[in-house]
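Single-structure report; data block below.
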Number of protein chains: 2
Amino acid sequence: MVETSDAKNRARRSSGRPTLADVARRAGVGTITVSRALRDPKRVSVERRDRIFTAIDDLGYVLNPNASALASARAAVIGVLVPSLTNNVFAEVLRGIHDGLRDSRLQIQFANTHYSDVEEERLLRVFLSQHPSGLIVSGIDQTPATRTLLEKAGCPVVQIMEIGPDPVDMMVGFSHFEGGRTVTQHLVDAGCRRIGFLGARMDPRSHRRLSGYKAVMEAAGCFDPAFITTTTLPSSVSIGGDLFRMAYAKTPNIDALVCNNDDLAMGVLFACQRASLPVPARISLAGFNDLEMMAVAFPSITSIRTPRFEIGRQAIAMVQAALAGERPANAIVDLGFELKIRESTTRSNILNR
Amino acid sequence: MVETSDAKNRARRSSGRPTLADVARRAGVGTITVSRALRDPKRVSVERRDRIFTAIDDLGYVLNPNASALASARAAVIGVLVPSLTNNVFAEVLRGIHDGLRDSRLQIQFANTHYSDVEEERLLRVFLSQHPSGLIVSGIDQTPATRTLLEKAGCPVVQIMEIGPDPVDMMVGFSHFEGGRTVTQHLVDAGCRRIGFLGARMDPRSHRRLSGYKAVMEAAGCFDPAFITTTTLPSSVSIGGDLFRMAYAKTPNIDALVCNNDDLAMGVLFACQRASLPVPARISLAGFNDLEMMAVAFPSITSIRTPRFEIGRQAIAMVQAALAGERPANAIVDLGFELKIRESTTRSNILNR
DNA sequence: TTGTAAGCGTTATCAG
DNA sequence: CTGATAACGCTTACAA
């Protein structure tokens, strides 16, 4: 290799990759002009812009995001905090976020809080140290310390999954209380009275669904705490079966079951099949989230379709809008949900036996 | 606000957060000593170390990762490229990666290639521009261009999910060909002869499982291309049902079905139930991956348990070891798989009717 | 619209 | 073991 012409006595630490200065030199302009051409081409004359982009291509120049982040005190990164990765629901939210980020120079960096407030706060601090361009966090039950960190983050913040009265900045989700209400009311309307509730994990959102269930049951005059069976264990299909067996042992006369989510419902269905308890003839069954599987199960399972993918899309769109200086008309976006009525809660079908 | 004592005529751009220099001043040492105390405490005398950490606590100092990345030409980030997020399998790999990263200052940054080579290359370039500390990519079928980028990445690289003869750097996974062979052989051993294969997505790993299936069928003298039904559509439970109906229409005399993955198998089970075709009495059924659900389905479904979580753990462990200068004894780690035999392939059980 | 100079906060270098 | 100094590659502030 020929020695660099401006090599000094001091060793240089260059990585060897072309820099903005190299591009500027080749294009015969100042470095700042190149920087501007990259960030906001409109601010540079067409003539120079062409020369610059030619030089960039010739050199194979790629912007160094670390240097950029240091100089501007702003990393091109959106931090995302989710409580779980195994949970299909969050996988879809992430998919929505990524999808909304196509052809954006923003990167997403996410972390798993494992449903722990302490972890959430710790991870948030890690994120904040990088000066992210935006933050997406799950739920509305942050600790006061976490909330303060979010308020002082100095970047757009979106709380996702549910909505509440007091956003840190922006919010997108739906009402889990109403979701719980809606599915339970459907069962009541279908003539069920001894409706059990099965719940796992029991995070704040699960509790709000349970509240919705209680509200309906009380209004219908058929509430009984014995109908409720929950565990703090993580949700899974097999836990669904376990919860069913506990509930059935406790209250064998139940005529319907509302499950905190679809995994549990699936487990209940299998357990019922194994115990020769026909669904819905003997027991009606409903889930929550409407995983793809629910529509094709046998019998197909009634569920509340929640807009996971859309929540992700919308959240990232809100961040980008805020970054572009546009304040949303509404800082709280309720994406709602949809009750999907299927065979598992329809007694008048051919499945009865 | 009181003006900073050393404020010059030029505006300063400080973010206001304490810096290494602030810590150094307070501890009465040089900045580089603080930097060293943070990165490798053993290189600093105990006395100063204490003074430094006290100062850090007093000031609430947090290292600026952007400045660090610029100065060292190394970001504390591991880039992870996966082909899908909806796929449960990759969600578990990510969980394994995160789990292996607890109490490490490394962050993970991941991206979704959507099973596209072009996207993979593009995303890899984005990652590389940040000088990541490590890279984890899925599969072994990178394009030549992508492979070259990986070879010149200048950081540890781990290819995950499967193993092959020619790693870029390191590899951890298992043989999908052997997986396909094993499950098919099990069916042959169980007396099945007209064994169908159902596949969705058909990425390279799916093809290798199919090859394993073919090998066994040919060896058993019962191979027939009509037994194979595949689609390039993404895998899902409902696609499983569709594929089953196609296969059953084409070859109604099949006595068993090997599914490319568990989603499909689940869909087949539901479709069989709906069509009153008892599993396994009329049709034996096997999946691939052994999702949690398979063990509690009714009937429970035979599957190949693949070490997803462990792959993630091992991959990140290999990156960390390499970063610590330890070269692994073996650059290729075969984590194997396990055949889980269940009711869906056991004809002599009480489910027969 | 463009450029100059100064910084962003950390780490590599090399001398002590 | 410690520290002064010069990078790292980009962007902000300000002036032209």
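Fair warning: this is a prediction, and the values are worked out from it, not measured in the lab. Just so we're on the same page: letters track the sequence lines, and every chain starts at 1.
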*Would you call the rings of Phe90(B) and Tyr115(B) parallel, tilted or perpendicular, where under 30° means parallel and over 60° means perpendicular?*
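Perpendicular: the ring planes of Phe90(B) and Tyr115(B) meet at over 60°.
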_Angle between ring planes, Phe110(B) versus Phe110(A), binned at 30° and 60°: parallel, tilted or perpendicular?_
perpendicular
Counting only side-chain heavy atoms from C-beta out, which of [options] sits nearest to [X]?
X: Leu70(B); options: dT12(D), dG9(C), dT11(C); value: dG9(C)
X: Val44(B); options: dG9(C), dT11(C), dT2(D); value: dT2(D)
X: Asn64(A); options: dG3(C), dG3(D), dC10(D); value: dC10(D)
X: Ser68(B); options: dT11(C), dT2(C), dG7(C); value: dT11(C)
X: Ala71(B); options: dT11(D), dT10(C), dC10(D); value: dT10(C)

Salt bridge between [X] and [Y], side-chain N to carboxylate O under 4.0 Å?
X: Arg122(B); Y: Glu119(B); result: yes
X: Asp169(A); Y: Arg327(A); result: yes
X: Arg147(A); Y: Asp141(A); result: no

In this structure, how many angstroms lie between the [atom2] atom of [N] and the [atom1] atom of [X], rounded?
X: Leu38(B); N: dT10(C); atom1: CG; atom2: P; answer: 9 Å
X: Asn66(A); N: dA12(C); atom1: CG; atom2: P; answer: 14 Å
X: Arg25(A); N: dG3(C); atom1: CZ; atom2: P; answer: 14 Å
X: Tyr61(B); N: dG9(C); atom1: OH; atom2: P; answer: 10 Å
X: Ile52(B); N: dC1(D); atom1: CD1; atom2: P; answer: 13 Å
X: Ile32(A); N: dA15(D); atom1: CD1; atom2: C1'; answer: 13 Å
X: His131(A); N: dC10(D); atom1: NE2; atom2: P; answer: 19 Å
X: Leu20(B); N: dG7(C); atom1: CG; atom2: P; answer: 19 Å

Would you say [X] places a side-chain N or O within less than 4.0 Å of OP1 or OP2 belonging to [N]?
X: Arg48(A); N: dG3(C); result: yes
X: Ser35(A); N: dT11(D); result: yes
X: Arg49(A); N: dT2(C); result: no
X: Ser45(A); N: dT1(C); result: no
X: Arg17(B); N: dT10(C); result: no

*Could you verify whether a donor N or O on one side chain and an acceptor N or O on the other, from Gln159(A) and Gln142(A), lie under 3.5 Å apart?*
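Result is yes, a qualifying pair exists.
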*For Arg36(B), answer base if it contacts any base atom (sugar-phosphate contacts may also be present), sugar-phosphate if it contacts only those atoms, and nothing otherwise; contact means non-hydrogen atoms under 4.0 Å.*
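Base, at least one base atom sits under 4.0 Å.
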*Using a cut-off of 4.0 Å on non-hydrogen atoms, how would the nucleic acid contact of Lys42(B) be classed: base, sugar-phosphate, or nothing?*
sugar-phosphate
*asked:* Both Val34(B) and Arg43(A) contact DNA chain C. Taking the nearest nucleotide for each, which residue is further toward the 5' end?
replied: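 Between the two, 5'-proximity favours Arg43(A).
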